[in-house]
Amino acid sequence: MNPSRRTVLIAATAAALAPTPALAATRKATAAATTATPPYASYFYPDSFPSGSPGTGITWRSLKTWTAAGDPDLAFNAASVPLATRFTPTPANTTARSGQARIQSLVSFGPTSGNPSQGSATADYYALTHWAYLDELVFWGGSAGEGLILAPNAPIVDAAHRHGVPVLGNIFLPPTAYGGQLQWTRDLVHKDAGGHYPLAAQLVALAAAYGFDGWFVNAETGGGNTALGTAMRGFVTELRSLAAARGQRVTWYDAMTVGGTVSWQGALNSQNQAFFQAADDMFVDFRWSASTLAASGTKAVQLGRSRYELWAGVDVESNGSNTSVDWDAMVPSGSAHITSVGFYRPEWTRNHLPASRTPGDFHAADDRFWTGRSLDPSRPDGTDSWRAPAVSVADRSTVTAVPFASVFNTGHGLRWYEDGEVASDTPWNHLGLQDRLPSRRWAVRTAGTRPAVTFDFADAWRGGSSVLVDGALDQPAVLDLYATRLPITAQTVVELTYRTDAGGVDAELAIATAEPGSAGTAPPYTYWPVDSGDGWSTATVPLTGLSGTVHALGVRLTATAGPVRWRLGGVAVREAASTPGAPAGPRITAADGGNLRLAWDAAAGAVRQYTLHRLLPDGTRRFLGATGQRAYYLTGLQPEQGETKGRFEVRAVGELYTSSDPVTVTHTW
């Protein structure tokens, strides 16, 4: 990337991360938990603050003085899902490879300040779902006027971890042209009397308390010297050592050189080699060329490192899947991959759409970005100039244990559904509620006209979305759902919840107990008929006669009358049904008018999430929200007529979406 483009990029980033007037006018700074303030994702300066006072809704915090015990929002921001282990099934096509190029994404999910800890009341959100191709997610952001060190909020970490993707917090030391101060770099790399870097330990402690996976270090403040460069290398070395001991990792951004100055190289070379060797991997700035990437990969190997520890930056903020990229410089189709790929701001798939965009609009653009023009990873379009990740990188899965269930919840919706009924008509987003989603979206195998397959938000069995198959179905069509490694016993059953909205359909469960014979071929399915029914129906299919392991799970649809609209609301693989115990100790930790902070103790057993309802005077329940954490913020509550106390119920929800008995807490109005 040329320097003038880089300047535009930095300016655009600063503008994107600045709080909007609407947000600034409505949010409050985070305060001690004596008042019911809304919780936000945390952000810090290393130590010293800018001159003056923070703007409305901004809280200046020092990482140096942070403690977990003194963090009033820790319960809201700590992730609840451990990083899952992934496996790589036989690739869906002949060009996708395993063990070569990896994919990293630098994503700004919201502003630096005022980024809600637990979602918000809008469906308009970058609800990333194509985790199967990702190897690392960076929680991008930071600004000179708000904070430089960003800790990812819990919903993003929980969704990523469920799919086996590590999430890194961001350390952004901005250019002086955008308010960067060299003192902040010196604060970060300050050494104590014992020769250690105190903030390296603080960063590792913060990531451990919040449950994310390490740090992306982006030092772009100019004016440094060799002494500062040496200090930065020592800091990164110690950060990586401490991080590795806690299962965390460190990525270095190609900006500062060993001489302490800022000079983006677009390559691995003598100017940044020491930082690459100190870190786990490096994001190579956009100035790369085919020759510099080739030389960089060779140099990494000479250093005893993998060439795929280099993320070649691809700026997609402005043009997304319309971006012109020299793909053969990174992921050639006819030979071994050269380096990995680092996408800068792929949330273009949402941001470029008009303000009237719907969740369906977003997912259509996002599928195009990650899967390619064919929208089917099993048959990529070879004429597509955008080489989507599904074309080059083999998908991964974390579906390895029974029980397993999914209601195809993408983490946002226009309404909230429970058992096929609308429980709340308020739009919402909370990425931590996202299910483990199908990795190959959407692989459809048919000798006839391919139907359209999408996540749909007009109706759902539970959560906010379902899978809609829409088309003529002039020949039977098999839809791949999940690559799995699920053990089969005599008690194993599969449950499908589905509904036919138009036409007539004979549906069959598709089960494969072995891998396909080669890349790009279909799993060796056997088929099990399921009964049709009116409205939402749940069929339970015992896997009688099968043994070993379920390697793939799908459905086969045959039209009896068309055209067809068929909806899949849920799938589960289980033995005996199980229900978690109830949570304990529900309590209101802060109250301020109609705003409440609630907390509770963990339920016994495996818990997917917790749901909250309000018990109304007439005995009915009103859905309020759900979260993976053991704390929740409610706002804008009002007493019902004649009501002196509000009653709130908390339930634990297990992997199979079975709910515990409620525990109740009351609030006097």
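Heavy-atom basis, side chains included; hydrogens, waters and symmetry copies ignored.
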**Request:** Carefully, step by step, assess Val469 and Leu479 under the rule side chain to side chain contact (heavy atoms under 4.5 Å, CB included).
**Result:** CA-CA 9 Å; Val469 181; Leu479 171 62; 4.2 Å; yes

**Request:** Go through the steps to decide whether Tyr126 and Ser108 satisfy the test side chain to side chain donor-acceptor pair (under 3.5 Å), and finish with yes or no.
**Result:** CA-CA 9 Å; Tyr126 180 64; Ser108 173; over 6 Å; no

**Message:** Is there a side chain to side chain donor-acceptor pair (under 3.5 Å) between Thr410 and Gln434? Walk through the geometry before answering.
**Reply:** CA-CA 5 Å; Thr410 58; Gln434 186 182 92; 5.9 Å; no

**Test side chain to side chain contact (heavy atoms under 4.5 Å, CB included) applied to Arg97 and Val393, step by step** = CA-CA 5 Å; Arg97 302 179 193 152; Val393 177; over 6 Å; no

**Request:** Report the C-alpha distance between Tyr43 and Asn115 in whole Å, list the side-chain angles of each, state the deciding distance to 0.1 Å, and finish with yes or no for side chain to side chain donor-acceptor pair (under 3.5 Å).
**Result:** CA-CA 10 Å; Tyr43 51 96; Asn115 188 351; over 6 Å; no

**Request:** Show your reasoning for whether side chain to side chain contact (heavy atoms under 4.5 Å, CB included) applies to Val236 and Trp252.
**Result:** CA-CA 8 Å; Val236 174; Trp252 175 259; 3.8 Å; yes

**Item:** Test log, rule side chain to side chain donor-acceptor pair (under 3.5 Å), inputs Asp480 and Tyr525
**Value:** CA-CA 10 Å; Asp480 290 350; Tyr525 286 123; 2.7 Å; yes

**Message:** Using side chain to side chain contact (heavy atoms under 4.5 Å, CB included), reason through Leu203 and Phe235 one step at a time and then give a plain yes or no.
**Reply:** CA-CA 11 Å; Leu203 287 164; Phe235 166 80; 3.6 Å; yes

**Prompt:** Stepwise, does the salt bridge (Lys or Arg N to Asp or Glu O under 4.0 Å) test hold for Asp254 with Arg287?
**Reply:** CA-CA 10 Å; Asp254 163 28; Arg287 291 165 173 79; over 6 Å; no

**Request:** Evaluate the salt bridge (Lys or Arg N to Asp or Glu O under 4.0 Å) criterion for residues Asp315 and Arg345: first the C-alpha distance (whole Å), next the side-chain angles of each, then the deciding distance (0.1 Å), finally the verdict.
**Result:** CA-CA 7 Å; Asp315 175 16; Arg345 308 295 299 277; over 6 Å; no

**Asked** After noting the C-alpha distance and the side-chain angles of Glu309 and Arg102, does the key distance pass the salt bridge (Lys or Arg N to Asp or Glu O under 4.0 Å) rule?
**Response** CA-CA 8 Å; Glu309 292 169 3; Arg102 304 181 296 149; 6.0 Å; no

**Message:** Arg305 vs Asp280, test: salt bridge (Lys or Arg N to Asp or Glu O under 4.0 Å). Steps then yes/no.
**Reply:** CA-CA 9 Å; Arg305 301 283 293 273; Asp280 290 287; 6.0 Å; no

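Contact record, Thr221 with Val262: O-CG2, 3.4 Å, taken as the closest heavy-atom pair. Scanning all heavy atoms of the two residues, the minimum distance from Ala522 to Pro516 falls at O-CB, 3.6 Å. Closest heavy-atom contact between Phe212 and Ala151: CE2-CB, 3.8 Å. Considering all non-hydrogen atoms of both residues, Ala243 and Val204 come closest at N-CG2, 3.7 Å. The two residues Ser374 and Arg379 make their nearest non-hydrogen contact at OG-O, 3.1 Å. Residues Gly211 and Ala79 approach most closely at O-CB, 4.0 Å, considering heavy atoms.
With ring centers used as reference points, Tyr344 lies 6.0 Å or more from Phe283. Note: Phe362 and Tyr125 fail the aromatic proximity criterion, with ring centroids not under 6.0 Å apart.
Note: Ser385 OG to Arg373 CZ = 6.5 Å, rounded to the nearest 0.5 Å. Atom CZ of Arg350 and atom CG of Leu128 lie 13.0 Å apart (nearest 0.5 Å). Summarising the geometry, atom CD belonging to Gln273 is positioned 7.5 Å from atom OG belonging to Ser270; distances are rounded to the nearest 0.5 Å. Atom CG of Asn272 sits about 10.0 Å away from atom CG of Asp285, to the nearest 0.5 Å. Atom CG of Asn153 sits about 4.0 Å away from atom CD1 of Ile156, to the nearest 0.5 Å. Interatomic distance, NE2 of His163 versus OG1 of Thr398, reported as 6.0 Å (0.5 Å rounding).
Arg387 and Ser333 are not linked by any side-chain donor-acceptor pair at a separation below 3.5 angstrom, with hydrogens and angles left out of the test. Between the side chains of Asp281 and Tyr308, no donor-acceptor pair is found at a separation under 3.5 Å. Side-chain atoms of His352 and Asn319 include no donor-acceptor pair closer than 3.5 Å. Looking at Asn93 and Thr95, their side chains do bring a donor and an acceptor atom within 3.5 Å of each other. For the residue pair Asp367/His130, the side-chain donor-acceptor check at 3.5 Å is satisfied. Looking at Glu146 and Ser143, their side chains do bring a donor and an acceptor atom within 3.5 Å of each other. With hydrogens and angles left out, the side-chain atoms of Glu220 and Trp264 include a donor and acceptor closer than 3.5 Å. Looking only at atom types and distance, the side chain of Tyr210 has a donor-acceptor partner in the side chain of Ser42 under 3.5 Å away. With no hydrogens or angles considered, no side-chain donor-acceptor pair links Thr261 and Ser263 at under 3.5 Å.
Although no hydrogens or angles enter the test, the distance criterion places no donor-acceptor pair under 3.5 Å between the side chain of Asp384 and the main chain of Gly372. Looking only at distances, no side-chain donor or acceptor of Asp366 sits under 3.5 Å from a matching main-chain atom of His363. Judged by distance alone, the side chain of Arg445 and the main-chain N or O of Ala443 form no donor-acceptor pair under 3.5 Å. Put simply, the side chain of Ser392 never gets that close to the backbone of Pro389: no donor and acceptor are under 3.5 Å apart. Asn170 places a side-chain N or O within 3.5 Å of a backbone atom of Gly141 that can act as its donor or acceptor partner. Remark: side-chain polar atoms of Trp442 are paired, donor with acceptor, to backbone N or O of Val453 under 3.5 angstrom. The backbone N or O of Val316 sits nowhere less than 3.5 Å from a side-chain atom of Trp348 that would complete a donor-acceptor pair. No donor-acceptor pair under 3.5 Å is formed between the side chain of Gln104 and the backbone N or O of Trp311.
The local environment of NZ in Lys191 is sparse, with at most 12 non-hydrogen atoms from other residues, nucleotides or ligands closer than 6.0 Å. Within 6.0 Å of CZ in Arg233 there are 12 or fewer heavy atoms belonging to other residues, nucleotides or ligands. Atom CZ of Arg485 is surrounded by more than 12 heavy atoms from other residues, nucleotides or ligands within 6.0 Å.
The side-chain heavy atoms of Val444 and Val478, taken from C-beta on, include no pair separated by under 4.5 Å. When side chains are defined from C-beta on, Asn225 counts as touching Leu228, because their heavy atoms get closer than 4.5 Å.
Below 30°, between 30° and 60°, or above 60°: for Phe369 and Phe343 the angle between ring planes is above 60°, a perpendicular geometry. Ring geometry, Phe216 versus Trp140: the interplanar angle exceeds 60°, so the pair is classed perpendicular (tilted spans 30 to 60°).
Looking at Val217, Leu310, Val250, Thr251 one by one, the single match for side-chain contact (heavy atoms from CB on, under 4.5 Å) with Met282 turns out to be Leu310.
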